[in-house]
Amino acid sequence: MNAESQHQKPLLLLLFSEFSIDDVNRLLSTHMDIILRSKLKNTGAKSKNIKEDQRPDYSDISWNIQYEGLELEIQWFQGYLNINSYKQLFCNIDEASFQSGIAISFGSHIKDGYKNAAIISSLFRYIRLLIMNSNSIAIVWNINNIISDSQYFVDVVNHYEKGGAFPILSTVDFIYDEEGILKSKGLSYFANQEIHYECRQLHEVDAMKRMMRIAHDVAVNGAYSNSMELDGIEGDERIYITIDKDSRIARVRSVFKLAVPDSLK
């Protein structure tokens, strides 16, 4: 593991009720799609990959692997991990539910290349492979502190691979503010842009349905660069998107045009 990656927060974690270093070795070395490039011993201090207040007990062993051309760093850890501040999705676990895990980060050569749908798709396929060949109980998207049930993550990746929606809920959080704005949090990891959707006139379910559609578009196709008008979900709906000067935020609103009765046409 390179010196720079040792001091970065890992991209994601897989949590296990029981998982040893030998289990990691078997998982990484028995599948032909995974190229095990090296098993390295860290020198000196324990890794700082996870915040110190979460206090994981790291092993001094890490792995460097390649999958579909991606270089990835893997590190086994065990012990306490404070997940109280994490959002749980289709799972209900506590610190007693797991005893160990593996932390996964991109290799140094990728840098900002992860803002690319093909690279992220390869990462998702790799995580799916690990889950399907282990007893992982949950996946932690560490960038945004979201914990998903492992089988749910496999299912949404399978759906995405068949042309379905991007795994938005496992990777992006959504927050309503007091002014009726639904805001994405973490979408910028994929595209350098967040969505602020003015939806006070909509029920929460209807607002999320539209937000998911827009967030999928940004995550897969990249940030909006120009203001635009789009067809809405309903026939009389138009969606207007305006871009902040630095393109970091796309502001979205739906406008519903009143249907004109035939008697008034």
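Only heavy atoms go into these numbers, but all of them, side chains included; no hydrogens, no water, no symmetry mates. In this chain, numbering begins with 1 at the start of the sequence shown.
If you check the side chains of N25 and W63, you find a donor sitting under 3.5 Å from an acceptor. Inspection of the Y86 and N142 side chains reveals an N or O donor paired with an N or O acceptor under 3.5 Å. A donor and an acceptor atom, one from each side chain of Q75 and S62, are nowhere located under 3.5 Å apart.
Formation of a donor-acceptor pair under 3.5 Å by the E73 side chain with backbone atoms of S108 is not found in this model. Distance alone, capped at 3.5 Å, is enough to place a donor-acceptor pair between the E237 side chain and the E234 backbone. Using modelled atom types, one side-chain atom of N116 and one backbone atom of I119 make a donor-acceptor pair closer than 3.5 Å. With hydrogens and angles ignored, the 3.5 Å screen pairs a side-chain donor or acceptor of Q193 with a backbone N or O of S247. Side-chain atoms of D94 come within 3.5 Å of backbone atoms of S97 as a donor-acceptor pair (strictly under, hydrogens ignored). Looking at D246, its side chain does come within 3.5 Å of a backbone N or O of R248 through a donor-acceptor pair. The backbone N or O of S188 sits less than 3.5 Å from a side-chain atom of E194, completing a donor-acceptor pair. With hydrogens and angles ignored, the 3.5 Å screen pairs no side-chain donor or acceptor of S100 with any backbone N or O of Q78. Formation of a donor-acceptor pair under 3.5 Å by the S184 side chain with backbone atoms of L187 is not found in this model. Using modelled atom types, one side-chain atom of D149 and one backbone atom of Q151 make a donor-acceptor pair closer than 3.5 Å.
Rounding to the nearest 0.5 angstrom, the gap separating the CG atom in N64 from the CG atom in L36 is 8.5 Å. Atom CG of D217 sits about 13.0 Å away from atom CE of M212, to the nearest 0.5 Å. Separation of atoms CZ (R26) and NE2 (H31) is listed at 11.0 Å; rounding is to 0.5 Å. The CG atom of L14 sits 5.5 Å away from the CD1 atom of I139 when rounded to the nearest 0.5 Å. Taking CG from N192 and CD1 from I249, the interatomic distance works out to 12.5 Å, rounded to the nearest 0.5 Å.
Not counting sequence neighbours, Y224 has no partner by the ring pair (Phe, Tyr, Trp, His ring centres under 6.0 Å) test. Contacts of F19 classified as ring pair (Phe, Tyr, Trp, His ring centres under 6.0 Å), with partners at least two apart in sequence or in another chain: F16.
Contact of the M208 side chain with the C199 side chain is not registered, since no non-hydrogen atoms from C-beta on lie closer than 4.5 Å. You'll find the side chain of R125 stays beyond 4.5 Å of the side chain of D33, heavy atoms only. Looking only at side-chain heavy atoms (C-beta outward), I143 and L11 come within less than 4.5 Å of each other. Side-chain atoms of I181 and R200, non-hydrogen and from C-beta on, do get closer than 4.5 Å to each other. Between Y176 and K183, every side-chain heavy-atom pair lies at or beyond the 4.5 Å cut-off. A 4.5 Å side-chain heavy-atom check between R210 and L202 finds at least one atom pair inside the cut-off. The shortest distance between side-chain heavy atoms of L15 and I137 falls below 4.5 Å. You'll find the side chain of F98 stays beyond 4.5 Å of the side chain of S17, heavy atoms only.
Partner of I239 under the side-chain contact (heavy atoms from CB on, under 4.5 Å) criterion, out of V252, D231, V255: V252 alone.
Residues near I35 contribute nothing to a hydrophobic cluster around it, because no ILVMFWY side-chain heavy atom sits closer than 4.5 Å to its side chain.
For the pair I102 and I74, the tightest heavy-atom approach, listed with the atom from each and the gap, is CB-CG2, 4.1 Å. Across all non-hydrogen atoms, the minimal contact from S170 to Y152 is OG-CE2, 3.3 Å. Here the closest non-hydrogen pair linking I34 and L28 is CG2-O, 3.5 Å.
Other residues, nucleotides and ligands contribute only 12 or fewer heavy atoms inside 6.0 Å of the CE atom of M132. No more than 12 heavy atoms of other residues, nucleotides or ligands shown are found within 6.0 angstrom of CD on E18. Counted within 6.0 Å of CZ on R238, heavy atoms from surrounding residues, nucleotides or ligands total more than 12; the atom is thus considered enclosed. Within 6.0 Å of CD in E229 there are more than 12 heavy atoms belonging to other residues, nucleotides or ligands.
Close placement of the F124 and F166 rings is indicated, their centers lying within 6.0 Å of each other.
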